**Q** 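Structure provided below as structure tokens; questions to follow.
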Amino acid sequence: MQNSKDSQLHRGLEERHIALMSLGAAIGVGLFLGSASAIKLAGPAIIISYAIGGLMIYLIMRALGEMAIKNPVAGSFSRYASEYVGPLAGYITGWNYWFVWIATCMAEITAVGIYMQFWFPGTPQWAWALAALAIMTTINFLAVKAYGELEFWFALIKIVTIILMIVLGFGMILFGLGNGGIAVGFGNLVENGGFFPNGISGVILSFQMVMFAYLGIEMLGVTAGEVKNPEKSLKRAIDTVFYRILLFYVLALTVILSITPWDQMNGKDSPFVMMFDKIGIPGAAGIIQFVVLTAALSSCNSGIFSTGRMLFNLAQQGESPKSFQRTTKTGVPGVAIIVSAVVLLFGVYLNYMEADKVFGYVTSVATFGALWTWGTILVTQIISRKKMSPGEKQGLTYKMPLFPLTSYFALAFLVFVMVILGFSADTRIALIVGPIWIILLVVLYYASGLHKRK
């Protein structure tokens with residue numbers, strides 16, 4: 001490890017790494033596994049839920065991009081919150097984002113434990129969760145360019161699979177591919193109770209899992225300190241977010257729900273596995289099971305990356321132990337990564353104690369943290385604009401469209417989803433754990449004397 005004085009992150013990430021890392025982080029168990037429970041709530045109307053959620057995420061990313069391109073630094077939104085809102089806001093944002101990815105990684109390693117039951121039924125779920133955590137922690141000690149390369153291929157596997165599924169799916173829908181030449185059509189979207197089988201309330205309740213699925217796209221801001229040519233890379237990656245969401249979420253789920261009636265999904269098995277089974281490809285279930293396994297590992301990989309960088313950034317600002325600044329010879333924040341991995345062992349423990357319920361618990365808690373982070377990004381962007389001189393506003397090379405209307409609209413939507421968490425017994429825990437965590441951070445901020453700094 002290097003001395004903290006000389007520690008710095010390496011700008012080793014290329015544009016292609018950034019583009020696929022942000023998408024790879026967001027295409028994880030929230031889509032491959034979590035969409036099953038969301039479909040159970042909303043039926044075919046889940047397509048609308050993902051489209052609305054995707055639009056909100058695009059607006060949040062544009063707000064983040066406006067600030068990140070103007071000032072590309074590691075741990076960006078924590079730094080921006082500290083600069084524009086105040087030191088306490090920066091402190092809470094940084095530690096809360098670390099918390100978000102801890103909860104998300106717990107969900108991902110839980111998914112690995114669930115997926116491995118396909119090949120090894122009856123084996124302990126917690127053992128696979130522990131193995132996944134050990135492997136992903138090891139990978140995160142690679143040089144950042146090697147990490148980016150690995151994550152690039154991880155993400156590519158998921159993306160190719162979804163595109164293949166969409167193409168084959170439309171083959172079955174339009175031409176009867178794998179169905180004896182009988183076109184399936186789009187009837188399943190409006191039959192079996194209609195497009196809104198559970199009414200608007202089903203769509204509303206599905207937003208918790210929908211927004212969890214998008215968690216990770218904001219990771220672009222965290223990578224800002226390690227990307228070559230930040231303006232070009234970040235701008236391109238953010239501009240294509242909405243189109244990718246339409247392709248990988250909305251179009252994929254349209255195909256799945258056209259082929260498999262929504263009421264035949266049990267809420268536990270991956271809709272992607274079920275659809276490939278329907279097409280009739282030999283060994284499809286095993287192949288897709290492997291793909292969704294790599295998706296969970298990939299998202300966990302991104303999560304450990306994010307937690308390490310956020311602790312590193314907090315240490316640089318004097319808001320976490322100085323040792324978190326220490327990097328390896330390859331420019332990786334080693335101590336911060338190890339600390340995050342140790343905390344993640346609690347996720348392994350939950351898999352041991354509450355194997356059936358742990359996924360629902362950790363996804364809802366992660367969603368609370370994500371909503372808080374996204375809300376902070378929007379508030380920070382609104383305040384940053386207000387504090388800019390007319391010349392600075394004119395000099396912005398990347399702007400939030402239709403500001404301030406879009407910023408306030410997205411913020412109101414996040415508050416709406418936060419309220420929804422309280423309507424279901426499965427997600428209510430988030431409104432207990434989340435606020436307790438925020439209050440604890442405020443107490444620690446003042447107890448540690450950080451409020452006295454100038």
Side-chain angles (χ1 to χ4, degrees), residues 14-36 38-39 44 46-47 50-51 53-55 57-58 111 115 148-179 183-186 188-189 210 213-214 216-217 220 236-260 265 269-299 301-302:
E14 308 284 349
E15 185 178 328
R16 64 188 179 90
H17 294 148
I18 294 299
L20 265 80
M21 276 172 66
S22 62
L23 196 56
I27 302 178
V29 294
L31 178 62
F32 283 118
L33 185 61
S35 57
I39 289 168
I46 194 66
I47 295 166
Y50 274 94
L55 175 60
I57 288 296
Y58 173 67
Y115 293 149
E149 197 66 36
L150 185 68
E151 189 56 31
F152 174 86
W153 291 105
F154 257 155
L156 199 60
I157 289 171
K158 294 184 281 190
I159 291 165
V160 168
T161 301
I162 294 175
I163 291 173
L164 182 64
M165 187 210 71
I166 290 170
V167 172
L168 292 175
F170 272 112
M172 179 182 270
I173 292 167
L174 301 174
F175 308 110
L177 178 70
N179 196 42
V184 174
F186 295 97
N188 282 327
L189 293 177
V210 167
Y214 289 130
I217 290 182
L220 282 171
R236 182 179 172 83
I238 292 169
D239 282 344
T240 55
V241 161
F242 187 61
Y243 305 107
R244 289 169 180 169
I245 285 170
L246 287 178
L247 174 63
F248 296 114
Y249 289 84
V250 178
L251 202 56
L253 287 168
T254 300
V255 168
I256 287 171
L257 290 163
S258 297
I259 292 173
T260 307
M265 297 184 187
D269 295 330
S270 170
F272 288 79
V273 174
M274 294 175 73
M275 204 214 82
F276 270 90
D277 262 346
K278 283 259 187 182
I279 293 174
I281 299 172
I287 296 168
I288 301 305
Q289 202 73 23
F290 173 74
V291 171
V292 295
L293 175 65
T294 63
L297 291 172
S298 166
S299 194
N301 198 23
S302 297

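Keep in mind that what you see is a predicted model, and the values were worked out from it rather than measured.
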**Q** Could you go through Ile39 and Leu253, starting from their C-alpha distance and side-chain angles, then the distance that decides it, and tell me whether this counts as side chain to side chain contact (heavy atoms under 4.5 Å, CB included)?
**A** CA-CA 9 Å; Ile39 289 168; Leu253 287 168; 4.1 Å; yes

**Q** Please say which of Ile256, Val250, Leu257 ends up in a side-chain contact (heavy atoms from CB on, under 4.5 Å) with Ile46.
**A**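 Of Ile256, Val250, Leu257, side-chain contact (heavy atoms from CB on, under 4.5 Å) with Ile46 is met by Leu257 alone.
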
**Q** Over 60° means perpendicular and under 30° means parallel, so classify the ring planes of Tyr249 and Tyr214, tilted if in between.
**A**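 Plane angle between 30° and 60°, so tilted.
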
**Q** Can you tell me how far apart OG1 (Thr254) and CG (Leu189) are? Round to the nearest 0.5 Å.
**A**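 So the OG1 of Thr254 and the CG of Leu189 are separated by 6.5 Å.
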
**Q** With respect to Val160, which candidate in Ile163, Leu156, Ile162 satisfies the side-chain contact (heavy atoms from CB on, under 4.5 Å) definition?
**A**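 The side-chain contact (heavy atoms from CB on, under 4.5 Å) with Val160 is passed solely by Leu156 among Ile163, Leu156, Ile162.
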
**Q** To the nearest 0.5 Å, what is the distance between CG on Leu174 and OG on Ser258?
**A**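 Spacing of CG (Leu174) from OG (Ser258) equals 9.5 Å.
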
**Q** If the condition is side chain to side chain contact (heavy atoms under 4.5 Å, CB included), which residues does Leu164 pass it with, not counting sequence neighbours?
**A**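 Applying side chain to side chain contact (heavy atoms under 4.5 Å, CB included) to Leu164 gives Leu168.
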
**Q** Does any part of the side chain of Ile157, heavy atoms only, come nearer than 4.5 Å to the side chain of Val291, both counted from C-beta?
**A**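 Yes - at least one pair of side-chain heavy atoms lies under 4.5 Å apart.
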
**Q** Partners of Phe175 by side chain to side chain contact (heavy atoms under 4.5 Å, CB included), sequence neighbours excluded?
**A**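 For Phe175, no residue satisfies side chain to side chain contact (heavy atoms under 4.5 Å, CB included) once neighbours in sequence are set aside.
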
**Q** Start with the C-alpha distance between Leu251 and Phe170, add both sets of side-chain angles, then the distance that settles side chain to side chain contact (heavy atoms under 4.5 Å, CB included), and finish with yes or no.
**A** CA-CA 10 Å; Leu251 202 56; Phe170 272 112; 4.0 Å; yes

**Q** Go through the steps for Ile259 and Ile173 under the test side chain to side chain contact (heavy atoms under 4.5 Å, CB included), then give the verdict.
**A** CA-CA 7 Å; Ile259 292 173; Ile173 292 167; 3.9 Å; yes

**Q** Should we count CZ of Phe290 as having more than 12 external heavy atoms under 6.0 Å?
**A**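 Count not over threshold, so no.
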
